Visitor: 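First the structure, then my questions, so here it is.
Values reported hereafter were calculated over all heavy atoms of this structure, with side chains retained and with hydrogens, waters and symmetry mates removed. Being a predicted model, the structure only gives us computed values, none of them experimental.
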Amino acid sequence: MRKKILLVDDDEIFLEFIKNALEKKDYEVSTADNGEDGLNKFNKNSYNLVITDIYMPVMDGVQFINNLLLFENKPVIIAQSVQSDMHLVIELMQNGIYDYLLKPYNITELFLKIEKAYEMAELRILKENLEKEREIRNAHILNWNKWKENILKRDQDKIDGNLIGSIRTSFSQGTGIGTLLSTIDILERKSKEKENHYEVNKSLMKILFENAKSATRIIEVLDEIDRIQTSDLELEKHCISDVYRILNTASIQLKDFEKLKNQTLVMCENKFRYFSSQVNINPDYLEKAFKELLLNAIKFSTDNSKIYILFEAKQNSILISVLNTPTHEGDIYGIQPEYSNIIFEPFFRITKLVYESIPTLDFGLGLTMVDKIILRHNGKIRANNLRSYLDTNEDGSPSTLVNFEIEIPISK
């Protein structure tokens, strides 16, 4: 995403000072000394971020902002003002601007505001991309069953082979049954029989105990998935903001795992505090599902990337999207259409990589659990690739993000 800023202020010295400071941080900065000039420049070359003063000649900041908010691709707007203008700033924030700066302010404060504003701009662009993808999906919904039947029939051998390979990989890589069996084989060969006991290498026994625990964990996870499917999952009425809070708490608790590959979880703001609609949820299980999904995104995202979390309230449901830049393995990139449903099946894995430092439910059971939890909330979870224009490939084509989208119905 090109970091382009339009800076509008009638103070020429201040304008030049801020422009130079921003350009040293690799921002592309254009300037204007009044709202009319700023509007003309925005018309010719739209900007992701606009920083504008309130009081200016020809067209003041309020008029300028109101004109910007009429554009289909609205910029993220930061207003500059003084303490005495706070009533105006509050009104502008209610109408759609992102944030404000009180003069005089220091450069560090400006950089922090801009960094958060660009995260907001990225989330807004992704939200627009998702809306377009949903429109396309809805336009083709009548042909879905026919398409699914054809694609599954055509690639059934490929899918079956991938599933068998996934099961084999799950049980042969990392800790668990594969290592357990290998360790037992080594013990059988290396242990020495002494009368009524065996002498066994201590390090081998430690490996045996660790992998026995992992194998036990597999059984426990399968038991929990079975319990989720078959037992009564008590659902309670909660407001939409509570669901946001549970999701936000899950993301905060995973901050340490972001550092492993220098990743960043970017979550939209909570704009749902005053929504009166409610949803039926089990907070504990929903948090478990959110954590597993976010850990899955962290595990299979590229280094130094961002993982975006969008939260939307529609008329009949809430939509939660987790988007990440997928790692590349062989000729598989992201989630192909024929795997968009089967990835939620037990033991299915697209990637053969194992990252034991990130504690997802391995053996292809993590997404299965998430799916079962969401189904028990009368919801749905979908997975697909999303074309993203935040970054482009070398040939100018849009980059690819993996999108896991959860839909939970609003109570009637």
Side-chain angles (χ1 to χ4, degrees), residues 1-5 22-28 48-49 76 107-127 129-130 173-175 247-269 287 289-311 320-330 332-335 349-362 366-367 370 383 385-394 397-405:
M1 181 179 184
R2 294 175 63 191
K3 294 190 173 182
K4 297 162 52 182
I5 298 175
L22 290 173
E23 287 179 338
K24 287 178 182 177
K25 290 286 186 177
D26 296 324
Y27 291 103
E28 297 180 32
N48 308 116
L49 175 62
V76 176
I107 291 298
T108 302
E109 182 185 5
L110 175 64
F111 288 152
L112 287 173
K113 296 269 188 181
I114 288 175
E115 185 179 340
K116 295 299 292 182
Y118 265 102
E119 286 185 357
M120 176 61 63
E122 290 173 343
L123 290 169
R124 183 177 289 179
I125 291 169
L126 287 174
K127 184 178 177 182
N129 289 349
L130 281 171
Q173 278 198 40
T175 56
L247 179 59
N248 190 47
T249 299
S251 70
I252 291 171
Q253 291 176 352
L254 300 180
K255 287 294 180 183
D256 287 343
F257 295 106
E258 293 178 75
K259 300 172 187 175
L260 295 176
K261 296 198 285 181
N262 194 31
Q263 297 162 332
T264 307
L265 289 171
V266 180
M267 186 165 177
C268 65
E269 293 180 305
E287 183 175 341
F290 289 157
K291 278 186 179 178
E292 184 64 29
L293 195 58
L294 292 174
L295 279 171
N296 187 79
I298 290 171
K299 177 178 281 193
F300 298 113
S301 291
T302 56
D303 294 1
N304 309 307
S305 63
K306 292 180 179 179
I307 296 159
Y308 299 95
I309 309 167
L310 298 180
F311 191 106
I320 298 162
S321 295
V322 176
L323 302 113
N324 67 286
T325 303
T327 51
H328 186 68
E329 186 177 334
I332 297 174
Y333 195 73
I335 297 176
R349 296 163 46 139
I350 289 179
T351 177
K352 295 181 180 179
L353 299 176
V354 173
Y355 303 94
E356 293 185 344
S357 57
I358 303 174
T360 54
L361 300 179
D362 273 325
L367 291 179
V370 173
N385 288 344
L386 177 74
R387 291 172 297 172
S388 169
Y389 292 89
L390 289 178
D391 295 298
T392 55
N393 299 315
E394 293 181 359
S397 62
S399 59
T400 298
L401 294 177
V402 167
N403 172 36
F404 279 91
E405 183 176 81

Visitor: Using side-chain heavy atoms (C-beta onward) and a distance below 4.5 Å, is Leu293 in contact with Leu367?
Guide: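 Side-chain contact under 4.5 Å: yes.
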Visitor: Which atom pair, heavy atoms only, marks the closest approach of Leu49 to Ala117?
Guide: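 Shortest heavy-atom separation between Leu49 and Ala117 comes out as CD1-CB, 3.8 Å.
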Visitor: Who passes ring pair (Phe, Tyr, Trp, His ring centres under 6.0 Å) against Phe311, sequence neighbours left out?
Guide: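 Here the qualifying residues are Tyr244, Phe272.
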Visitor: How many angstroms lie between atom CG of Asn48 and atom CD1 of Ile114, to the nearest 0.5 angstrom?
Guide: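 Atom-to-atom, Asn48:CG and Ile114:CD1 are 12.0 Å apart.
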Visitor: Hey, are the side chains of Leu260 and Phe257 touching, using non-hydrogen atoms and a 4.5 Å cut-off?
Guide: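 Yes - at least one pair of side-chain heavy atoms lies under 4.5 Å apart.
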Visitor: Among residues at least two apart in sequence or on other chains, which ones pass salt bridge (Lys or Arg N to Asp or Glu O under 4.0 Å) with Glu115?
Guide: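 Residues passing salt bridge (Lys or Arg N to Asp or Glu O under 4.0 Å) with Glu115: none at all.
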Visitor: To the nearest 0.5 Å, tell me how far Leu323 CG sits from Glu405 CD.
Guide: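 These two atoms lie 9.0 Å from each other.
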Visitor: Looking at side-chain heavy atoms only, is the closest gap between Phe404 and Asn296 below 4.5 Å?
Guide: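 The answer is yes; the side chains approach within 4.5 Å.
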Visitor: Before you tell me yes or no, could you show the steps for Thr264 and Asn304 under side chain to side chain contact (heavy atoms under 4.5 Å, CB included), namely the whole-Å CA-CA distance, both residues' side-chain angles and the distance that decides it to 0.1 Å?
Guide: CA-CA 8 Å; Thr264 307; Asn304 309 307; over 6 Å; no
Visitor: Partners of Lys24 by salt bridge (Lys or Arg N to Asp or Glu O under 4.0 Å), sequence neighbours excluded?
Guide: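 So Lys24 forms no salt bridge (Lys or Arg N to Asp or Glu O under 4.0 Å) with any residue.
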Visitor: Run Ile309 and Cys268 through side chain to side chain contact (heavy atoms under 4.5 Å, CB included) and show every step you take.
Guide: CA-CA 6 Å; Ile309 309 167; Cys268 65; over 6 Å; no
Visitor: Apply salt bridge (Lys or Arg N to Asp or Glu O under 4.0 Å) to Lys116 and list each qualifying residue two or more places apart in sequence or on a separate chain.
Guide: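 Scan of Lys116 (salt bridge (Lys or Arg N to Asp or Glu O under 4.0 Å), adjacent residues dropped) gives Glu119.
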Visitor: Please say whether the positively charged group of Lys4, taken as NZ for Lys or CZ for Arg, lies over the ring of Tyr27, i.e. under 6.0 angstrom from the six-membered ring centre and within 45 degrees of the axis.
Guide: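 The answer is no; the distance or angle limit is not met.
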Visitor: For the side chain to side chain contact (heavy atoms under 4.5 Å, CB included) test, which of Leu126, Leu401, Asn403, Leu386 pairs with Ser321?
Guide: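 Going through Leu126, Leu401, Asn403, Leu386 one by one, the side chain to side chain contact (heavy atoms under 4.5 Å, CB included) with Ser321 is satisfied by Asn403 alone.
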Visitor: When you measure from the side chain of Lys261 to the backbone N and O of Lys299, does any donor-acceptor pair fall under 3.5 Å?
Guide: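 Side chain of Lys261 to backbone of Lys299, a donor-acceptor pair under 3.5 Å: yes, one is there.
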Visitor: Apply side chain to side chain contact (heavy atoms under 4.5 Å, CB included) to Glu109 and list each qualifying residue two or more places apart in sequence or on a separate chain.
Guide: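 Partners of Glu109 under the side chain to side chain contact (heavy atoms under 4.5 Å, CB included) test: Leu101, Tyr105, Asn106, Lys113.
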Visitor: How long is the span from the OG1 atom in Thr400 to the CG atom in Asn385, to the nearest 0.5 Å?
Guide: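 Answer rounded to 0.5 Å: 5.5 Å.
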Visitor: Applying salt bridge (Lys or Arg N to Asp or Glu O under 4.0 Å), name anything that partners Lys127, two or more places apart in sequence or on another chain.
Guide: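 So Lys127 forms no salt bridge (Lys or Arg N to Asp or Glu O under 4.0 Å) with any residue.
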Visitor: I'd like to know whether Thr325 forms a side chain to side chain contact (heavy atoms under 4.5 Å, CB included) with Ile307, so could you lay out the CA-CA distance, the side-chain angles of the two residues, the decisive distance to 0.1 Å, and finally the verdict.
Guide: CA-CA 7 Å; Thr325 303; Ile307 296 159; over 6 Å; no
Visitor: Could you check whether any side-chain N or O of Gln263 sits under 3.5 Å from a backbone N or O of Thr302, counting only pairs where one atom can act as donor and the other as acceptor?
Guide: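 Side chain of Gln263 to backbone of Thr302: a pair is present.
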Visitor: Output all residues satisfying side-chain hydrogen bond (donor to acceptor under 3.5 Å, both in side chains) with Glu28, sequence neighbours left out; order by chain, then residue number.
Guide: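 Applying side-chain hydrogen bond (donor to acceptor under 3.5 Å, both in side chains) to Glu28 gives Arg2.
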Visitor: Looking at every heavy atom in both Met120 and Val76, which two are closest together, and how far apart are they?
Guide: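 So the two residues come closest at CG-CG2, 4.1 Å.
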Visitor: Got Ile5 and Tyr118 here, is their nearest side-chain heavy-atom distance under 4.5 Å?
Guide: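 With C-beta onward as the side chain, the pair touches.
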Visitor: Quick one: side-chain hydrogen bond (donor to acceptor under 3.5 Å, both in side chains) partners of Asp303, sequence neighbours excluded?
Guide: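 Scan of Asp303 (side-chain hydrogen bond (donor to acceptor under 3.5 Å, both in side chains), adjacent residues dropped) gives none.
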Visitor: Is there side-chain contact between Asp26 and Lys3, with heavy atoms separated by less than 4.5 Å?
Guide: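 Of all side-chain heavy-atom pairs linking Lys3 with Asp26, none is under 4.5 Å.
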Visitor: Do Phe290 and Val322 have side chains that get closer than 4.5 Å, going by heavy atoms?
Guide: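 Contact flag for Phe290/Val322 side chains = no.
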Visitor: If I take atom CE from residue Met267 and atom CG from residue Asn248, how far apart are they, to the nearest 0.5 angstrom?
Guide: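 That separation rounds to 4.5 Å.
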Visitor: Can you list the residues that meet the side-chain hydrogen bond (donor to acceptor under 3.5 Å, both in side chains) rule with Ser301, with sequence neighbours excluded?
Guide: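 side-chain hydrogen bond (donor to acceptor under 3.5 Å, both in side chains) check on Ser301 returns Asn324.
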Visitor: Mind checking side-chain hydrogen bond (donor to acceptor under 3.5 Å, both in side chains) for Gln253 and listing every partner two or more places apart, or none if nothing turns up?
Guide: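 Gln253 satisfies side-chain hydrogen bond (donor to acceptor under 3.5 Å, both in side chains) with Lys291 once adjacent residues are dropped.
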Visitor: What is the distance from atom CG of Leu254 to atom CG of Leu265, rounded to the nearest 0.5 Å?
Guide: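 Separation between the atoms: 7.0 Å.
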